[in-house]
Amino acid sequence: MTSWPNVIAESAKRLEAAGVHSPRNDAELLAAHVSGLTRARLLIADDPTEAQVARLRGLIERRADREPLQHLTGSAAFRYGELAVGPGVFVPRFETELLVDWALEHLPQGGTVIDACSGSGAVAYSIATERPDVRVWAVEIDADAFEWLESNLDGTGAVPVHADAVAAGTLAELDGRVDLVTANPPYVPFEIEVAPEVRFDPSGAVYAAEAGLAVIQPLAVRAASWLKPGGWFAFEHDDTHGKAAPEILSVSGFTEVSDHDDLAGRPRFATGRLGLSP
Ligand SMILES: C[S@@+](CC[C@H](N)C(=O)[O-])C[C@H]1O[C@@H](n2cnc3c(N)ncnc32)[C@H](O)[C@@H]1O
């Protein structure tokens, strides 16, 4: 018979050998998932059953094959919420929380928001639940991702829309009436090497042609049509786009253009304001 601390230590060792970045953290979270206990309770809990140990070892092997932790637990923490995730949808990343911070600061009371390229709905979910005074639309092109989006947004008041965000007809009824457009679009250039976990994200959620700018460029044009004068567009980009992203905003009619770093000091998202009418 083994104890939870022992089985967690053995699991962490296995993950470390497989090159997982946070082996102890992932081992504890998977043990918590299997046991239904918090990480703290695991330290003083009764010993695991054989079935629990076998289940944990199975999950640890999948994690050692670099399947994302969030696919194994079925959920991804994002700001104050938990999004259901799994095959077919992009796992929300921590750095996107910075884009949401910025968006919430620039969102007027009772405002209207479109979150383009919504995936699991991480951005739309956060805005809708943290700011119940605003109205949120969330646009996603991919049918599999859209199913996750619909279920994650259920009960939040945000409206999921299954459509191409860059098509002129999408949410055309909101043209000129939107206060804020957010987007975390696919933006990784094809030639860039990514972490092994990323192969579990749908490739259409990660990569974009034209050096990673194929969705961002037309999206800036579409955002300029949705927004009312003085409205804001904020979008995440690859860290190689620190110059290109603000330039795209400038040539698409945006003013007060800025680029923002992530916590590691890499260029991560760009923002701009649609010029006020003369
Ligand atoms: C990087 S993921 C971001 C998902 C989510 N916003 C997040 O931050 O976790 C990009 C998402 O954009 C979707 N997408 C790609 N092109 C699109 C388009 N033209 N219109 C709408 N969604 C699009 C992909 O299917 C994918 O779900």
Side-chain angles (χ1 to χ4, degrees), residues 68-71 75-79 81-104 113-129 136-153 156 158-172 174 180-190 192 194-195 197-210 212-223 225-226 233-239 241 245 262 268-270:
L69 177 71
Q70 296 87 343
H71 278 205
S75 106
F78 189 83
R79 292 178 67 85
E82 288 279 341
L83 283 302
V85 293
V89 74
F90 181 86
V91 174
R93 308 295 206 265
F94 168 71
E95 56 263 32
T96 307
E97 295 188 5
L98 301 174
L99 173 89
V100 178
D101 279 334
W102 187 96
L104 291 172
V113 181
I114 293 176
D115 177 43
C117 302
S118 215
S120 67
V123 175
Y125 177 96
S126 298
I127 294 176
T129 53
V136 182
W137 278 262
V139 185
E140 172 55 47
I141 197 169
D142 182 82
D144 293 331
F146 186 73
E147 282 189 25
W148 293 98
L149 178 68
E150 267 192 310
S151 76
N152 280 324
L153 294 186
T156 64
V159 181
V161 180
H162 186 199
D164 181 351
V166 307
T170 299
L171 292 177
L174 295 181
L180 172 72
V181 176
T182 55
N184 177 17
Y187 56 65
V188 178
F190 286 115
I192 285 190
V194 293
E197 282 80 358
V198 178
R199 70 180 195 275
F200 290 88
D201 287 314
S203 66
V206 175
Y207 298 101
E210 292 165 43
L213 297 168
V215 178
I216 286 175
Q217 254 169 339
L219 191 56
V221 175
R222 188 71 199 103
S225 300
W226 278 325
F233 178 36
F235 68 93
E236 193 171 303
H237 60 71
D238 190 65
D239 54 15
H241 296 151
D262 60 23
R268 185 53 63 211
F269 70 97

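What you see below is based on every heavy atom in this structure, not just the backbone, and it leaves out hydrogens, waters and symmetry mates. Start at 1 and go down the list; that is how both ligands and their atoms are numbered. None of these values were measured; they are calculated from a predicted model.
Residues passing the side-chain contact (heavy atoms from CB on, under 4.5 Å) test with Ala103, sequence neighbours excluded: Ile127, Leu180, Thr182. Every side-chain contact (heavy atoms from CB on, under 4.5 Å) that Ala158 has, sequence neighbours left out, goes to Ala128, Val136, Leu153, Thr156.
Atom 20 (N) of ligand 1 has as its closest protein heavy atom Ala165 N, 2.8 Å. Protein heavy atom in closest approach to atom 6 (N) of ligand 1: Cys117 O, 2.9 Å. Taking atom 8 (O) of ligand 1 as the reference point, the nearest protein heavy-atom neighbour is Asn184 ND2, 2.8 Å. Ranking protein heavy atoms by distance to atom 13 (C) of ligand 1, first place goes to Glu140 OE1, 3.3 Å. Of the protein's heavy atoms, Asp164 OD1, 3.7 Å lies nearest to atom 18 (C) of ligand 1. Counting protein heavy atoms only, atom 1 (C) of ligand 1 is closest to Ala205 O, 2.9 Å.
Here the shortest heavy-atom distance to atom 15 (C) of ligand 1, taken over Pro186, Ala122, Ala124, belongs to Pro186. Of the candidates Asp115, Ile141, Val100, Asp142, Ile141 brings a heavy atom nearest to atom 14 (N) of ligand 1.
Proximity of Asp238 to Pro189: side-chain heavy atoms (C-beta onward) are separated by under 4.5 Å at one or more points. Looking only at side-chain heavy atoms (C-beta outward), Leu104 and Arg79 come within less than 4.5 Å of each other. Residues Val206 and Phe90 are in side-chain contact: their nearest non-hydrogen atoms beyond the backbone lie under 4.5 Å apart. Side-chain contact between Glu95 and Glu236 is present, with heavy atoms from C-beta onward closer than 4.5 Å. When side chains are defined from C-beta on, Arg268 counts as touching Asp239, because their heavy atoms get closer than 4.5 Å.
Annotation for ligand 1: atoms under 4.0 Å from non-hydrogen atoms of Pro92 are 9 (O). Within ligand 1, the atoms closer than 4.0 Å to a non-hydrogen atom of Gly119 are 4 (C), 27 (O), numbered from 1 in the order shown. Against a heavy-atom cut-off of under 4.0 Å, Ser118 is close to the following atoms of ligand 1: 4 (C), 5 (C), 6 (N).
Using a 4.0 Å cut-off between heavy atoms, Ala183 makes no contact with ligand 1 at all. Heavy atoms of Pro202 found under 4.0 angstrom from ligand 1: none, in either backbone or side chain. Contacts with ligand 1 closer than 4.0 Å are made by side-chain heavy atoms of Thr96 only, the backbone lying farther away.
Of the charged side-chain nitrogens involved, none lies within less than 4.0 Å of a carboxylate oxygen, so that Arg93 and Asp262 do not count as a salt-bridged pair.
The aromatic rings of Phe190 and Tyr207 sit parallel, their planes meeting at an angle under 30°, below the 60° perpendicular limit. Tyr187 and His241 have perpendicular rings, their planes meeting at more than 60° on a 0 to 90° scale where under 30° would count as parallel.
The shell of residues lying under 4.0 angstrom from ligand 1, judged by heavy atoms, includes Ala163. Within the 4.0 Å heavy-atom cutoff, Ala116 does not count among the residues contacting ligand 1.
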